[in-house]
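Report on the structure given below.
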Amino acid sequence: MSLSPSRVFAELNADRPPDQPSPTMGTAVVVGGSVAGLLAARVLSDHADTVVIIDRDDPQVTGARPGVPQGTQLHALLPGGLFQLERLFPGFRDEALARGAVEAPPAARRNYLDGRLKVVVPDDADSLAGSRPLLEGLIRQQVLRLPNVKTITARATGLVFDGTTVTGVRCEVGGVPGVERADLVVDAMGRSSRLADWLEQADWDRPVTRRMTVHLNYATALFRRPEVTPPSTVVLALNTPRTATDVAGAAFFAIEDGRWMAMMAGYGNDRPGRTADDFVRRLREQFPPEFGEVADQEMIGDVQTYHHADSRRRDFHALKRFPAGLISVGDAVASFNPVYGQGMTASALHAACLSTYLRSGPDLRAPARHYLALQKVVVDAAWSLSTSADLALPHVDGPYPRGYRFSRWASGQVIAATVTDVATARRFNDVVSMREHPHSLARPGVLLGALRANRRTR
């Protein structure tokens, strides 16, 4: 099924309330209580009599979850993701602010590229700054408030089939095996999803898994934040490969409880900021003055590190045979280089795809091809953004898509123009925040505008 990517993005990001839902099933089971799983459960609550979330972690847990090893690292909620969350949970923004999240309007966001401060886009969309546990905890609480959603702390072990249809999930509760019957099963098991194994065990084909090795090394630290309302709440500094530095970038966000959360990242053998002394020194010496001001504050706790080996995607949409009653969401389908901050927003758009699919009145006894086609558009967009940037890294060696040399040159022109040209920066921000499809950056007018802007600044 071929869909217009630009039209899909326009529909998913339409600034209007969705149509009234209508129940289409008895029970839906979501395997995994991740952000993607919770958002899928929220959508399913409009269409199922009962939604069951199966997760190994206690669903009532607060703070960082054992099943989210990267939960202590810096996370971005892009404007596109905030928009989707507000649609799913009216008042989400206000409740997040009440719990300590910090507003990040355009004027409070500063972006540096190779040390050059980029222009502010005055009419850009607002965002929020907060820790992953705060944002995920609020999503979880909103979902668990729903009267038709229940949770089971269990280990999922496989699928139940009736012919070519998935009809349930095998799980173990306290070592005791059981089955949760379902009209629709959602795989939200994240990067380590076992769905491909389960399909193969049931004589279905495995999806092709594509990987791009990036070897990203993260280091994150917390600092006291004396100002309740600082002039800048989100500051990012990215370095392109031509700067020949061992730090790919750094960022700091104002988060809840009067804290700064600061991060720096490197690739391959570069592991900047692994110790407190190295972290503070680099913030002071290698980045704009705002970073030094954060480093001058008291560090809270230890530096937390994380290694992201590769970006990967599982192409369920390409399978010629796929069972009915089954879909995947979030990192179980595709996980990207986290330095671009697409994770939560991509998961929110997967939920929007699920909503669009279910509102079309589908036959759940047939494979969810329309959902897979919608999701492919979202995955392709996020994948192309992250991998095209990763391919420019010296230690990444393909695979290079057709026309890569020209696309790299063109994207380099657009990115360079975002430093000085508001119009180019506006379009670029809309794409990066996943409110528009990347195709919009390939339009001749955008490239010509970027070339003119770069010529003016030579």
Side-chain angles (χ1 to χ4, degrees), residues 21-60 65 67 88 139-140 142-199 201-202 204 207 314 316 322-333 347 350-351 353-355 357-359 362-368 371-372 375:
S22 56
T24 56
M25 69 191 84
T27 301
V29 172
V30 179
V31 185
S34 61
V35 168
L38 292 167
L39 297 180
R42 165 62 189 87
V43 170
L44 289 164
S45 70
D46 286 338
H47 300 274
D49 296 331
T50 304
V51 180
V52 180
I53 302 174
I54 300 174
D55 195 77
R56 290 177 299 175
D57 292 340
D58 181 351
Q60 305 297 333
R65 295 193 300 121
L88 290 171
I139 293 169
R140 177 175 292 104
Q142 297 268 19
V143 171
L144 298 187
R145 284 177 186 166
L146 299 169
N148 59 339
V149 174
K150 70 174 187 175
T151 62
I152 298 175
T153 304
R155 184 174 73 91
T157 59
L159 299 175
V160 179
F161 287 85
D162 181 3
T164 59
T165 301
V166 173
T167 58
V169 177
R170 301 186 191 279
C171 55
E172 292 182 358
V173 182
V176 179
V179 171
E180 283 294 320
R181 296 289 174 182
D183 299 291
L184 180 66
V185 172
V186 178
D187 164 29
M189 292 183 283
R191 280 171 60 89
S192 59
S193 169
R194 303 184 301 282
L195 180 59
D197 296 332
W198 294 350
L199 288 173
Q201 290 164 10
W204 294 84
R314 299 176 174 99
F316 292 103
F322 192 73
L326 178 67
I327 65 167
S328 267
V329 295
D331 285 358
V333 180
S347 292
H350 290 193
C353 292
L354 178 58
S355 178
Y357 166 68
L358 292 175
R359 289 170 191 275
D363 179 1
L364 296 180
R365 296 167 298 178
Y371 168 78
L372 294 174
Q375 185 184 60

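Not measured: the values here are computed from a predicted model.
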Going from CE on Met25 to CG on Asp49, what distance comes out if it is rounded to the nearest 0.5 angstrom? 9.5 Å
Looking at His350 and Gly330, would you say the former's side chain and the latter's main chain have a donor-acceptor pair under 3.5 Å? yes
By salt bridge (charged side-chain N to carboxylate O under 4.0 Å, His left out) - contacts of Asp197 (at least two apart): Arg206
Kindly write out the residues that satisfy side-chain contact (heavy atoms from CB on, under 4.5 Å) with Ala188, not counting sequence neighbours, or none if the list is empty. Val30, Ser34, Val329
Measuring from atom CG of Leu39 to atom CG of Leu88, what distance do you get when rounded to the nearest 0.5 angstrom? 6.0 Å
Check Val166 against Pro323 and note the closest heavy-atom contact, atom names and distance. CG2-CB, 4.0 Å
What is the minimum heavy-atom distance between Val35 and Ser347, and which atoms define it? CG1-CB, 4.5 Å
If you look at every heavy atom in Ala351 and Val43, which pair is closest and at what distance? O-CG2, 3.5 Å
For Asp55 and Thr151, run side chain to side chain contact (heavy atoms under 4.5 Å, CB included): C-alpha distance rounded to whole Å, both residues' side-chain angles, the deciding distance at 0.1 Å, then the answer. CA-CA 8 Å; Asp55 195 77; Thr151 62; over 6 Å; no
Which heavy-atom pair separates Ala154 from Val173 by the least distance, and what is that distance? CB-CG2, 3.6 Å
Separation between OG1 of Thr24 and CG of Leu364, rounded to the nearest 0.5 Å: 5.5 Å
Min side-chain heavy-atom separation Gln375-Leu372 under 4.5 Å: yes
Who are the side-chain contact (heavy atoms from CB on, under 4.5 Å) partners of Asn148, not counting sequence neighbours? Ser45, Leu146
Heavy atoms, side chains only, cut-off 4.5 Å: are Leu195 and Val31 in contact? no
Going by the rule side-chain contact (heavy atoms from CB on, under 4.5 Å), which residues pair with Ala202 if we only count those two or more places apart in sequence or in a different chain? Phe161, Trp204
Suppose the criterion is salt bridge (Lys or Arg N to Asp or Glu O under 4.0 Å): which pairs have a residue in residues 171-194, not counting sequence neighbours? Arg155-Glu172, Arg191-Asp310
Residues in side-chain hydrogen bond (donor to acceptor under 3.5 Å, both in side chains) with Arg365, at least two apart? Asp363
Should Arg170 and Val179 count as side-chain neighbours, where that means a heavy-atom distance under 4.5 Å? yes
I need the minimum non-hydrogen distance between Tyr371 and Ser328, along with the two atoms involved. OH-O, 2.9 Å
Step-by-step side chain to side chain contact (heavy atoms under 4.5 Å, CB included) determination, Leu38 to Gln142: CA-CA 9 Å; Leu38 292 167; Gln142 297 268 19; over 6 Å; no
Considering the options Ile53, Val51, Ile54, which one meets the side-chain contact (heavy atoms from CB on, under 4.5 Å) requirement together with Val29? Ile54
For residues Arg42 and Ile139, determine if any side-chain heavy atom of one lies less than 4.5 Å from a side-chain heavy atom of the other. no
Residues Pro207 and Ala196: closest non-hydrogen pair is CD-CB, 3.8 Å
